[in-house]
Peer 1: 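Can you keep this structure in mind? I'll have questions shortly.
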Amino acid sequence: MALETIAIQDKSLAGIAEKVLHGERLTLEDGVTLFNSNDLLTIGQLANYVNQQKNGDNVYFLQNLYINPTNVCEAHCKFCGFRRDQGEDGAYTMSMEELLHYVETRYHPGIREFHIVGGHNQHMPFDYYLDTLRTLRKAYPDVTLKSYTGAEIEFFSRISGLSIREVLQELMKAGLQSLTGGGAEILTERYRMKMSPEKASTDMYLQVHRTAHELGLKTHTTMLYGSIETLEERVIHMLRLRELQDDTNGFMVFIPLAVQPIKATAGIKRRNSAIDDLKTMAISRLMLDNFQHIKAYFINIGTQLTQISLTMGISDAHGTLIEERISHSAGALTQQALTVDELVWLIKGAGKRALERDTFYNVIKEH
């Protein structure tokens, strides 16, 4: 792509476009300029160019099952509609028998990954979280266990008295194969002190993933945007992840997550705009030059926007999920799951190749 082939409406993006087309790394100032621009088509074209260089027309998805063993949580994050106090109406903690029943009634042989996250339930010992993995590993030895967030790992360290490294090593012995990306929210302390003061700090979240990478785990990471963070904080968040990726190359994918209102009845003014969603995904692709994949999370942005995002820098359409609970406990109005046929339809409808993958982006088959 040549610069003259892009019809740049916002001339403040011309220098950034030159950088992108020459493979130069963008700065904090560049990221803020992109977020402040209304020239979505230019931003999308640049992101699409970068993604084409990295992934061609390939778009990946997997067959996975979400499992939330408990919603009891010591933290009171302002964006969460999922958590409950012990004994509160709707609170639950699955026994191992209940866990197996939950999975057995939803499992089918195509599922290759269990995505396991839950509340920080201080009423259960660390062994409960280890037993969750051991139980699933024994019953489903061929399914990858992508389990727990960076914030959960820090919580496990506090309740067990073990170091972060020791916690991860014990989890790996029990069957852990990858960390989920949750718990990142926005990686600045101003944000965390206002929105999630009881959870892992910025440095601790990054240290958990650094340690996981040192132990040989490939992990995922996220950004929960659309609440009180500034546009500059979104870019700072990306740069902190980019810096860690420079050191470890342990992240497989970045997942921007649009925050959901607490109630499903919330009006559209309480929700993130489609323009901001597309812009955030595209800018993620431009800023995170050392990440192979940026994922669209249809649970938060819907299927139609997910399809459009595949032309604006996105190379991963997520997975089948079977039953998503956390975003839908807040105000998500989207599907809780998609079938393989629906995911393939979305991907091919954008003119892309639909590649079913495993957790680690090994291709299982092309549809």
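Along the sequence shown, the residues carry numbers beginning at 1. Predicted model only: the values in this text are computed from it and were never measured.
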Peer 1: Please determine, by modelled atom types, if Thr33 and Asp30 share a side-chain donor-acceptor pair under 3.5 angstrom.
Peer 2: no
Peer 1: How close do Ala282 and Gly44 get, heavy atom to heavy atom, and via which atoms?
Peer 2: CB-CA, 4.4 Å
Peer 1: Is a donor on one side and an acceptor on the other found under 3.5 Å between the side chain of Asn51 and the backbone of Ala47?
Peer 2: no
Peer 1: Can you tell me how far apart CE (Met172) and CD (Gln177) are? Round to the nearest 0.5 Å.
Peer 2: 9.5 Å
Peer 1: With side-chain contact (heavy atoms from CB on, under 4.5 Å) as the test, would you mind laying out the steps for Leu28 and Ile236 before giving the verdict?
Peer 2: CA-CA 7 Å; Leu28 172 63; Ile236 289 169; 3.9 Å; yes
Peer 1: Starting from Val72, can I reach Ile159 by hopping between I/L/V/M/F/W/Y residues whose side chains sit under 4.5 Å apart?
Peer 2: no
Peer 1: Quick one: does Asp39's side chain have a donor or acceptor within less than 3.5 Å of a partner on Gln9's backbone?
Peer 2: yes
Peer 1: Could you check if a side-chain atom of Asp57 sits within less than 4.5 angstrom of a side-chain atom of Gln52, using non-hydrogen atoms only?
Peer 2: yes
Peer 1: Quick check: are there more than 12 heavy atoms from other residues, nucleotides or ligands sitting under 6.0 Å from NE2 of His76?
Peer 2: yes
Peer 1: Does some side-chain heavy atom of Ile153 sit less than 4.5 Å from a side-chain heavy atom of Leu171?
Peer 2: yes
Peer 1: Apply the side chain to side chain contact (heavy atoms under 4.5 Å, CB included) test between Glu342 and each candidate in Leu346, Val340, Thr339; give the one that qualifies.
Peer 2: Thr339
Peer 1: Can you list the steps and then say if Ile6 with Tyr49 is a side-chain contact (heavy atoms from CB on, under 4.5 Å)?
Peer 2: CA-CA 11 Å; Ile6 303 176; Tyr49 169 78; over 6 Å; no
Peer 1: Quick one: does Ile294's side chain get under 4.5 Å of Pro256's, heavy atoms only?
Peer 2: yes
Peer 1: Met195 and Ile228: which non-hydrogen atoms are nearest, and at how many Å?
Peer 2: CG-CD1, 3.6 Å
Peer 1: How about Thr93 and Asn121: does a side-chain donor come under 3.5 Å of a side-chain acceptor?
Peer 2: yes
Peer 1: Are Leu206 and Met193 connected in the hydrophobic side-chain network, where two residues link if heavy atoms are under 4.5 Å apart?
Peer 2: no
Peer 1: For Asp341, which residues count as a salt bridge (Lys or Arg N to Asp or Glu O under 4.0 Å) partner, sequence neighbours excluded?
Peer 2: none
Peer 1: Are Ile43 and Ile283 close enough, and set up right, to give a side-chain contact (heavy atoms from CB on, under 4.5 Å), and what steps lead you there?
Peer 2: CA-CA 7 Å; Ile43 296 168; Ile283 293 170; 3.9 Å; yes
Peer 1: Take Asp131 and Arg134 through the test salt bridge (Lys or Arg N to Asp or Glu O under 4.0 Å) and record every step on the way to the result.
Peer 2: CA-CA 5 Å; Asp131 285 343; Arg134 294 182 186 121; 2.6 Å; yes
Peer 1: Report the distance from atom NE2 of His101 to atom CZ of Arg106, rounding to the nearest 0.5 Å.
Peer 2: 7.5 Å
Peer 1: Treating His237 as the side-chain partner and Thr222 as the backbone partner, does any N or O pair qualify as donor plus acceptor under 3.5 Å?
Peer 2: yes
Peer 1: Take the angle between the ring planes of His318 and Tyr66 and call it parallel below 30°, perpendicular above 60°, tilted in between.
Peer 2: perpendicular
Peer 1: Please report the interatomic distance CG(Leu343) to CD(Gln63), rounded to the nearest 0.5 Å.
Peer 2: 9.0 Å
Peer 1: With side chains defined as the heavy atoms from C-beta onward, is the minimum distance between Gln53 and Val50 less than 4.5 Å?
Peer 2: no
Peer 1: Check the angle between the aromatic planes of His367 and Phe61 and answer parallel, tilted or perpendicular using the 30° and 60° thresholds.
Peer 2: tilted
Peer 1: Could you tell me the separation between the CD atom of Gln245 and the CG atom of Asn290, rounded to the nearest 0.5 Å?
Peer 2: 5.0 Å
Peer 1: Any salt bridge linking Asp289 with Arg25? Criterion: basic side-chain nitrogen under 4.0 Å from a carboxylate oxygen.
Peer 2: yes
Peer 1: Rounded to the nearest 0.5 Å, how far does CG of Leu305 lie from CG of Asn300?
Peer 2: 11.5 Å
Peer 1: Using a 3.5 Å distance criterion without hydrogens, assess whether the side chain of Gln292 forms a donor-acceptor pair with backbone atoms of Lys54.
Peer 2: yes
Peer 1: Verify, without hydrogens or angle tests, whether Thr320 (side chain) and Leu338 (backbone) share a donor-acceptor contact under 3.5 angstrom.
Peer 2: no
Peer 1: Please say which of Arg158, Arg84, Arg83 ends up in a salt bridge (Lys or Arg N to Asp or Glu O under 4.0 Å) with Glu74.
Peer 2: Arg158
Peer 1: Tell me whether Asn272 contacts the main-chain N or O of Ile301 through its side chain, where contact means a donor paired with an acceptor under 3.5 Å.
Peer 2: no
Peer 1: What about Ile8 and Leu41, same hydrophobic cluster or not, with Ile/Leu/Val/Met/Phe/Trp/Tyr joined at side-chain heavy-atom distances under 4.5 Å?
Peer 2: no
Peer 1: With a 4.5 Å heavy-atom cut-off, do Leu145 and Leu176 have their side chains touching?
Peer 2: no
Peer 1: Got a salt bridge between Glu243 and Arg240, using NZ or NE/NH1/NH2 to carboxylate O under 4.0 Å?
Peer 2: no
Peer 1: Could you note down all residue pairs passing ring-ring contact (aromatic ring centres under 6.0 Å, His included) where residues 151-176 supplies at least one of them, sequence neighbours left out?
Peer 2: His120-Phe155, Phe126-Phe156, Tyr129-Phe156, Tyr148-Phe156
Peer 1: Answer yes or no: is there a donor N or O on one side and an acceptor on the other, between the side chain of Ser309 and the main chain of Met312, under 3.5 Å?
Peer 2: no
Peer 1: Going only through I, L, V, M, F, W and Y residues with side-chain contacts under 4.5 Å, is there a path from Leu355 to Ile364?
Peer 2: no
Peer 1: On a heavy-atom basis, which atom in His209 and which in Thr180 lie closest, and how many Å separate them?
Peer 2: CE1-O, 3.7 Å
Peer 1: Can you give me the closest heavy-atom contact between Gly175 and Arg137, atom names plus distance?
Peer 2: O-NH2, 3.3 Å
Peer 1: Judged by modelled atom types alone, do Tyr205 and Thr221 share a side-chain donor-acceptor pair under 3.5 Å?
Peer 2: yes
Peer 1: Could you tell me whether Asn38 atom CG has more than 12 heavy atoms of other residues or ligands within 6.0 Å of it?
Peer 2: no
Peer 1: Does Phe35 offer a backbone N or O that forms a donor-acceptor pair with the side chain of Lys279 under 3.5 Å?
Peer 2: yes
Peer 1: Examine distances only and state if a side-chain atom of Arg234 and a backbone atom of Tyr225 form a donor-acceptor pair shorter than 3.5 Å.
Peer 2: no
Peer 1: Measure up the Tyr60 and His293 rings against each other and bin them: parallel (under 30°), tilted (30 to 60°), perpendicular (over 60°).
Peer 2: perpendicular
Peer 1: Looking only at non-hydrogen atoms, find the nearest pair between Leu162 and Ser157 and report the distance.
Peer 2: O-OG, 2.6 Å
Peer 1: Nearest 0.5 Å please: distance from the OG1 atom of Thr219 over to the CZ atom of Phe251.
Peer 2: 4.5 Å
Peer 1: Between Tyr361 and Asp316, is there a side-chain donor-acceptor contact under 3.5 Å, judged purely by atom types and distance?
Peer 2: yes
Peer 1: Side-chain contact, heavy-atom cut-off 4.5 Å: Leu179 with His220?
Peer 2: no
Peer 1: Take Met223 and Ile186 through the test side-chain contact (heavy atoms from CB on, under 4.5 Å) and record every step on the way to the result.
Peer 2: CA-CA 6 Å; Met223 177 177 73; Ile186 295 290; 3.6 Å; yes
Peer 1: Are the side chain of Lys78 and the backbone N or O of Lys194 linked by a donor-acceptor pair below 3.5 Å?
Peer 2: yes
Peer 1: Heavy atoms, side chains only, cut-off 4.5 Å: are Thr188 and Glu229 in contact?
Peer 2: no
Peer 1: Checking side-chain polar atoms at under 3.5 Å, does Glu113 have a donor or acceptor matched by the opposite partner on Thr144?
Peer 2: no
